[in-house]
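Beneath this line is the structure, given in structure tokens, with notes to follow.
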Amino acid sequence: MSNHHKVIVIGSGPAGFTAALYTGRANLNPIIFEGHQPGGQLMITTEVENYPGFEHGIQGPELMDVMRKQVHRFGAKSIYKFITKVDFSEKPFKMWTDDNELYTSDTVIVATGAAAKLLGLESEKKFMGFGVSACATCDGFFFRNQRVIVVGGGDTAMEEANYLTRHASEVTVIHRRDTFRASKIMFDRAKANPKIKFMTDTVIDEVYGTEEEFKKVVEGVKLRNLKTNEVTDFPVEGVFIAIGHQPNTGIFKGILDMDETGYLITKKATSETNIPGVFACGDAQDSYYRQAITAAGTGCMAAIDAERYLEAMNE
Ligand code: NDP
């Protein structure tokens with residue numbers, strides 16, 4: 001069985017790389033499926049100031065590049081494919097890639113992370129990539145000296161708004177309530193930025209723009225005040241959605257236990273899922289902390305759990 005491994009890690013964010021680092025150093029030669037976004041969510045962020053060990057901060061993509069190099073030093077191998085189907089009903093566990101290649105393994109570490117949530121409007125979908133974005137660091141550059149809005153009241157919204165002031169002429173944060181979920185430090189930073197304005201108790205009803213054959217651009221949004229129900233027209237060129245994330249766990253539906261929002265359920269203080277030999281770590285199983293460092297920590301837990309499971313298997 002040439003595609004058989006002791007450990008397969010699905011996902012390449014801080015959780016997946018840390019799991020691969022530990023299992024690599026335990027001589028288990030892990031395989032990492034890097035997925036659609038190698039390096040995970042930190043690839044679309046800028047400065048990471050809260051990852052211990054970097055006194056002056058580090059750029060997200062650089063951190064992931066260093067993690068990958070560190071992991072490869074210990075015998076882990078990256079495969080730049082996406083797992084589309086799994087069968088954990090018997091051992092060895094089976095996984096299929098997007099080009100329909102079968103891999104099997106004795107243990108699986110699920111580190112598939114989470115992705116940005118969207119509002120679910122038809123018009124948002126229509127203009128996605130043409131003025132609507134869920135990643136300021138990816139697309140902010142395109143809005144030089146233009147007007148943009150950021151939807152959301154959490155830390156992501158504050159971070160995106162601050163980042164966008166580097167490019168945009170004016171940034172308006174649209175939030176559905178009048179109190180903010182964002183941490184005080186992030187909120188205060190955004191409030192102190194003269195380019196950022198806030199609009200509370202407000203939601204987007206519709207994104208509109210031009211849709212010609214070679215020209216599709218956002219020209220504005222229809223905003224609704226939730227207290228007065230008044231709808232107003234707000235001209236902008238860019239709409240950034242920053243309303244949180246959802247776990248990338250669709251392929252495990254009906255196989256691994258998850259909560260109603262799709263976060264994998266692990267046994268208290270371990271990375272164990274309902275299937276012995278399958279472990280979960282990082283944002284795929286954490287709707288609460290969702291930090292790079294907590295993802296890395298749970299990746300370490302999953303690696304140690306997998307090592308112990310393999311030891312017990314061989315006893
Ligand atoms: P949060 O869940 O914290 O915030 C989501 C925001 O979006 C909330 O204000 C919510 O409103 C709003 N929202 C959700 N759904 C909708 C909707 N359908 N329409 C309109 N508004 C909506 O997510 P974040 O991504 O901001 O943060 C997630 C975690 O990551 C947090 O723990 C945060 O601290 C952390 N983080 C840390 C950063 C840092 O320290 N550098 C940077 C970014 C994130 P409401 O409040 O009404 O529910």
Side-chain angles (χ1 to χ4, degrees), residues 13-15 40-52 54 56-64 113-125 128 132-138 140 149-166 171-191 193 196 198-207 221-227 231 234 239-248 259-263 282-298:
Q41 292 177 87
L42 284 186
M43 294 304 287
I44 54 168
T45 188
T46 47
E47 190 84 12
V48 179
E49 291 176 329
N50 52 10
Y51 199 86
F54 299 94
H56 303 292
I58 182 168
Q59 293 293 311
E62 190 187 346
L63 177 61
M64 299 323 292
K117 273 203 268 192
L118 298 174
L119 298 172
L121 300 170
E122 213 28 65
S123 55
E124 167 195 51
K125 206 156 86 187
M128 183 54 75
V132 176
S133 167
C135 173
T137 49
C138 315
I149 58 170
V150 175
V151 184
D155 281 341
T156 302
M158 300 308 123
E159 192 173 64
E160 304 253 294
N162 263 314
Y163 177 78
L164 284 164
T165 59
R166 295 187 196 184
V171 179
T172 307
V173 174
I174 309 284
H175 182 36
R176 64 182 177 186
R177 294 189 296 140
D178 62 357
T179 50
F180 287 79
R181 197 179 285 273
S183 57
K184 189 173 164 9
I185 183 170
M186 304 278 284
F187 183 52
D188 286 350
R189 203 179 283 172
K191 246 184 6 188
N193 191 321
I196 300 178
F198 291 88
M199 212 179 265
T200 53
D201 299 308
T202 303
V203 294
I204 297 185
D205 266 358
E206 194 196 338
V207 181
V221 287
K222 299 266 185 227
L223 295 178
R224 187 158 47 89
N225 183 300
L226 292 175
K227 288 206 163 138
V231 176
F234 196 78
V239 177
F240 287 83
I241 314 294
I243 60 168
H245 295 82
Q246 62 198 13
N248 302 320
D259 69 14
E260 65 286 351
T261 51
Y263 284 93
D283 285 13
Q285 53 85 59
D286 172 20
S287 62
Y288 187 69
Y289 299 105
R290 297 183 287 193
Q291 301 299 300
I293 186 63
T294 50
T298 56

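Residues: numbered from 1 along the sequence shown. In each ligand, atom 1 is the first atom listed, and ligand 1 is the first ligand listed. Predicted model, so just to flag it, every value in this text is computed and none were measured.
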Please tabulate, for side-chain N and O atoms in residues 172-179, each donor-acceptor pair with protein atoms closer than 3.5 Å (sequence neighbours left out).
residue : atom : partner : partner atom : Å
His175  : NE2  : Thr179  : O            : 2.9
Arg177  : NH1  : Thr179  : OG1          : 3.2

Which pairs of donor and acceptor atoms, one on a side chain in residues 240-248, lie under 3.5 Å apart (sequence neighbours left out)?
residue : atom : partner : partner atom : Å
His245  : NE2  : Gln41   : OE1          : 3.4
Asn248  : ND2  : Thr112  : O            : 2.8

Quiz prompt | Donor-acceptor under 3.5 Å (Thr165 side chain, Tyr163 main chain) | solution =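 Judged by distance alone, no pair lies under 3.5 Å.
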Quiz item: In chain order, what residues pass the side chain to side chain donor-acceptor pair (under 3.5 Å) check against Thr156, with sequence neighbours excluded?
Solution: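 Partners of Thr156 under the side chain to side chain donor-acceptor pair (under 3.5 Å) test: none.
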Quiz item: Can you tell me how far the CD atom of Glu124 sits from the CG atom of Leu118, to the nearest 0.5 Å?
Solution: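 Those atoms lie 4.5 Å apart.
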Self-check item: Tyr263 ring center near Tyr288 ring center (under 6.0 Å)
Solution: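 Judged by ring-centre distance (under 6.0 Å), Tyr263 and Tyr288 do not meet the cut-off.
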Give every pair made of an N or O atom of ligand 1 and a protein N or O atom lying under 3.5 Å apart, one pair per line with both atom names and the distance to 0.1 Å, or write 'none'.
residue  : atom   : partner : partner atom : Å
ligand 1 : 9 (O)  : Gly153  : N            : 2.9
ligand 1 : 9 (O)  : Gly154  : N            : 3.4
ligand 1 : 11 (O) : Arg176  : NE           : 3.2
ligand 1 : 25 (O) : Thr156  : OG1          : 2.5
ligand 1 : 26 (O) : Asp155  : N            : 3.2
ligand 1 : 26 (O) : Thr156  : N            : 2.9
ligand 1 : 26 (O) : Thr156  : OG1          : 3.1
ligand 1 : 34 (O) : Asp155  : OD2          : 2.5
ligand 1 : 41 (N) : Glu159  : OE2          : 3.2
ligand 1 : 46 (O) : Arg177  : NE           : 3.4
ligand 1 : 46 (O) : Arg177  : NH2          : 2.8
ligand 1 : 46 (O) : Arg181  : NE           : 3.0
ligand 1 : 46 (O) : Arg181  : NH2          : 3.4
ligand 1 : 47 (O) : Arg176  : NE           : 2.9
ligand 1 : 47 (O) : Arg177  : NE           : 2.6
ligand 1 : 48 (O) : Arg176  : NH2          : 3.0
ligand 1 : 48 (O) : Arg181  : NE           : 3.4
ligand 1 : 48 (O) : Arg181  : NH2          : 2.6

